[in-house]
Every structure is written in C-alpha cells, then in structure tokens.
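Right, one structure below, let's go through it.
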There are 2 protein chains.
Amino acid sequence: MKIGELARRSGLSVHTIRYYERIGLLPYADRDRSHQRDYDAAILVWIEFLGRLKTTGMPIREMLLYAALREKGPVTGAERRSLLEKHREHVRARIAELGACLLVLDTKIAGYADAEKRTLDYDAEHFRGNDKPPRARQARAR
Amino acid sequence: MKIGELARRSGLSVHTIRYYERIGLLPYADRDRSHQRDYDAAILVWIEFLGRLKTTGMPIREMLLYAALREKGPVTGAERRSLLEKHREHVRARIAELGACLLVLDTKIAGYADAEKRTLDYDAEHFRGNDKPPRARQARAR
DNA sequence: ACTTGACTTAGAGTGCGCTCGAACCCGTAG
DNA sequence: CTACGGGTTCGAGCGCACTCTAAGTCAAGT
C-alpha cells in the first residue's frame with residue numbers, strides 16, 4: 001500500500017503520516033526501488049490505536065514513549081501496560097470532570113430558560129393583546 | 001482587588017488575566033488613579049465560568065462570542081442559551097467518545113495482563129524452582 | 001517524447017493559547 | 001532618599017501538532 005492509499009484508509013493526511021514517521025510515531029516504512037513507502041495493512045491497526053490515544057488526550061510525547069516500547073518488542077509488555085493504565089486513569093478523571101461541567105452547564109441553561117419564561121409570563125400578564133411591549137421594558141440587571 | 005490578588009484567587013496567572021482582557025474575554029477593568037486594574041469580586045464568578053467552558057474544550061473564539069453577548073446585556077439571553085446548548089451537545093458527544101475509547105483501553109490492558117499471566121503460567125509449568133528462565137525464552141511476535 | 005499524477009525530501013509556516021521580557025511607573029517602609 | 005514589591009504597556013517567543021511549499025524523482029498512459 002502506498003502512502004496515498006494509507007492516507008485514505010487511515011483518515012490521516014499524507015503530510016501527517018510522513019510527519020508521524022519523522023518523529024517516530026510510525027515505524028520507518030520500507031521503500032520500494034523508487035524510494036516510495038510501501039505499507040503493510042497491519043499499520044492501520046496501529047494508526048487506529050494511536051488515534052484512540054490522541055482522542056483521549058495523550059500528548060505525542062507520551063505516544064512516542066509507547067511507540068518506542070512497542071518497537072522494542074514483547075519484553076516491554078509490562079511497561080506498556082502500566083503506561084496505558086496510567087493513561088486510563090487520566091481518561092477516567094477527564095470524563096468525571098466533563099460530567100461535572102455538564103451539570104453546571106445544565107444549571108446555567110436552565111437559568112436562561114427560566115429568565116425567558118419569566119419574561120414571557122410578565123409580558124402575557126401586562127401586555128395581553130399587545131404584540132409589542134413598550135420600550136421601557138429593557139431591564140437593567142446583568 | 002488588584003490583579004495579583006485576582007490571580008491568586010482565580011488560579012489564572014497575572015499574564016493570563018491581562019491577556020484575557022486584551023482579547024476581550026474579560027471586560028476592560030477600571031483602573032485606580034495610578035492606572036492599576038481594580039477588580040470587583042464578581043469577576044471571579046465569570047472567570048470560573050470561563051474555566052468551565054475551557055475545561056469542556058470550548059475554543060477561545062467561541063468564548064469571545066459568548067463574552068460579547070454577555071457585554072450586551074440581558075437582551076442576548078436567548079442567543080447565549082442557544083450557544084450553551086450547542087456546546088452542551090459537544091460536551092455530551094465528547095464524553096461518549098471518551099467512554100468508547102475507555103473500553104478499547106480496557107481491552108488492550110486486559111490483553112497485556114493476559115499475556116503476562118500466560119508467560120508466568122508457562123514459566124511456572126516449565127521452570128518450576130528456577131527463578132530465571134533461560135535465554136531462549138525471548139519471543140518473536142509483536 | 002511528453003504529460004500527468006503520485007510520490008520524495010528538507011524545511012518553513014500556521015493557529016492556538018498562552019508566557020515572557022524589557023522598560024517603565026508608583027506607593028510605602030526603612 | 002532609596003530600595004522594594006507591586007503594578008503598567010507592547011511586543012516577541014514558545015510548545016504543540018500539524019500543514020504546507022519548493023524543487024525534484026519516477027512510472028504509466030497517450
């Protein structure tokens with residue numbers, strides 16, 4: 001598989017694939033006789049996993065660490081595992097954090113909804129039949 | 001409250017506070033007669049909310065939009081609400097995404113744990129009493 | 001033979017969100 | 001009087017993760 005096809009199939013851009021190879025996130029790809037990269041489909045699995053790490057907010061620095069361990073072969077299994085376990089905790093913490101913010105957001109939105117409703121009720125009460133409230137109805141609070 | 005104290009109490013750096021004011025995320029602060037910013041404690045609530053938006057991944061660009069609406073007063077309530085509602089969906093989606101990745105991570109980690117266990121079992125089976133397996137036990141698969 | 005299009009490299013540029021440096025000003029304590 | 005611990009502005013610099021440009025190579029199609 002050439003780089004263009006890999007790009008299409010992985011969702012990364014050609015530029016990004018080369019960039020990842022340059023920094024060591026992707027292993028140095030074999031070249032054909034005209035120096036073009038020739039990929040094995042197996043790389044897709046690795047790229048997909050990198051994507052997960054990225055999605056979950058792992059910085060490239062750390063992915064490089066993981067990639068380097070992977071390159072060293074199965075003896076590094078324990079180390080890789082512990083790295084992933086640490087990362088998993090970050091992800092869990094992040095999810096919890098987002099959940100908490102979501103509640104705040106809900107409250108805030110409910111507040112706006114409330115204010116809106118109160119305004120409508122007020123208008124209904126005082127300007128029934130008028131489709132335009134008079135200009136004095138511009139409020140002062142923030 | 002001067003900028004230093006606000007920094008301590010908000011968790012932002014003095015630099016960041018000035019930066020936020022510069023770009024319009026914080027309202028232009030009143031200055032005392034020697035041109036020093038003098039803050040009302042109310043600003044802390046706003047900063048905290050900005051922090052939530054930031055935590056949940058809202059880009060500054062969008063926060064600026066929200067901040068601008070806020071500056072315009074309560075007439076912009078509906079717009080602000082819809083902006084937050086849109087953002088809330090992003091946050092929900094993000095949480096779901098992270099949850100999915102978490103499962104993948106769990107699986108991967110379980111895989112490493114498994115491999116480790118199999119190695120130990122194998123060693124226990126074949127090298128009982130030896131605390132060091134011989135050198136030929138270096139595997140070949142990735 | 002020539003065009004096309006996909007590839008190569010090295011290195012420069014981009015957008016984001018800060019972060020810092022230089023040079024200066026001000027009010028208070030010793 | 002002077003030193004200090006704040007503050008001020010403006011603009012440059014940084015770390016991250018790409019993203020793109022320039023100049024060139026190569027293989028296949030017409």
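Letters go in sequence order (proteins before strands), and every chain restarts at 1.
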From [atom1] of [X] over to [atom2] of [N], roughly how many Å is that when rounded to an integer?
X	N	atom1	atom2	answer
B:Asp38	C:dC26	CG	C1'	15 Å
B:Glu62	C:dC16	CD	C1'	15 Å
B:Leu12	C:dC18	CG	P	8 Å
A:Glu21	C:dC7	CD	C1'	13 Å
A:Asp30	C:dC7	CG	C1'	16 Å
B:Ile3	D:dT8	CD1	C1'	9 Å
B:Arg8	D:dG6	CZ	C1'	11 Å
B:Arg31	D:dT8	CZ	C1'	9 Å

### Query
Would you call B:Val91 and A:Cys101 a side-chain contact if the rule is heavy atoms closer than 4.5 Å?
no
### Message
If I compare all heavy atoms of B:Ala67 with all of B:Gly24, which pair ends up nearest, and what's the gap?
### Response
CB-O, 3.8 Å
### Query
Where is the tightest heavy-atom contact between A:Leu98 and B:Thr55, given as atom of each residue plus distance?
CD2-O, 3.8 Å
### Task
Using a cut-off of strictly less than 4.0 Å between a heavy atom of the residue and any atom of DNA chain D, enumerate the qualifying residues of residues 91-102 of chain B by number.
none
### Message
For the CG atom on A:Asp30, are there more than 12 heavy atoms of other groups (residues, nucleotides or ligands in this structure) within a distance under 6.0 Å?
### Response
no
### Query
Quick one: do A:Arg88 and B:Asp106 make a salt bridge, cutoff under 4.0 Å?
yes
### Task
Could you walk me through whether A:Lys2 and A:Glu5 pass the salt bridge (charged side-chain N to carboxylate O under 4.0 Å, His left out) test, one step at a time?
CA-CA 6 Å; A:Lys2 288 199 275 172; A:Glu5 197 190 338; over 6 Å; no
### Message
The test is salt bridge (charged side-chain N to carboxylate O under 4.0 Å, His left out); show your working for B:Arg31 and B:Glu21 and say whether it passes.
### Response
CA-CA 13 Å; B:Arg31 317 291 156 120; B:Glu21 179 182 306; 2.3 Å; yes
#### Entry: Hydrophobic cluster identity match, A:Ile43 and B:Val104, side-chain contacts under 4.5 Å
no
### Task
Answer yes or no on whether B:Lys108 is positioned over the face of A:Phe49, meaning its NZ or CZ is under 6.0 Å from the six-membered ring centre and within 45° of the axis.
yes
### Task
Spell out protein contact along nucleotides 25-30 of chain D as letters: B when the base is contacted, S when just the sugar-phosphate is, - when no protein heavy atom is under 4.0 Å; keep the 5' to 3' order.
-SS---
## Note on the structure
Under a 4.0 Å heavy-atom criterion, the protein footprint on nucleotides 14-21 of chain D, written with B, S and -, is --SBBBBB
### Message
So A:Ile23, base contact, sugar-phosphate only, or nothing? Heavy-atom distance under 4.0 Å.
### Response
nothing
#### Entry: A:Tyr66 side chain to A:Arg80 side chain, donor-acceptor N/O pair below 3.5 angstrom
no
### Query
Does the salt bridge (charged side-chain N to carboxylate O under 4.0 Å, His left out) test come out yes or no for B:Lys86 and B:Glu79, once each step is laid out?
CA-CA 11 Å; B:Lys86 219 166 287 170; B:Glu79 257 180 291; over 6 Å; no
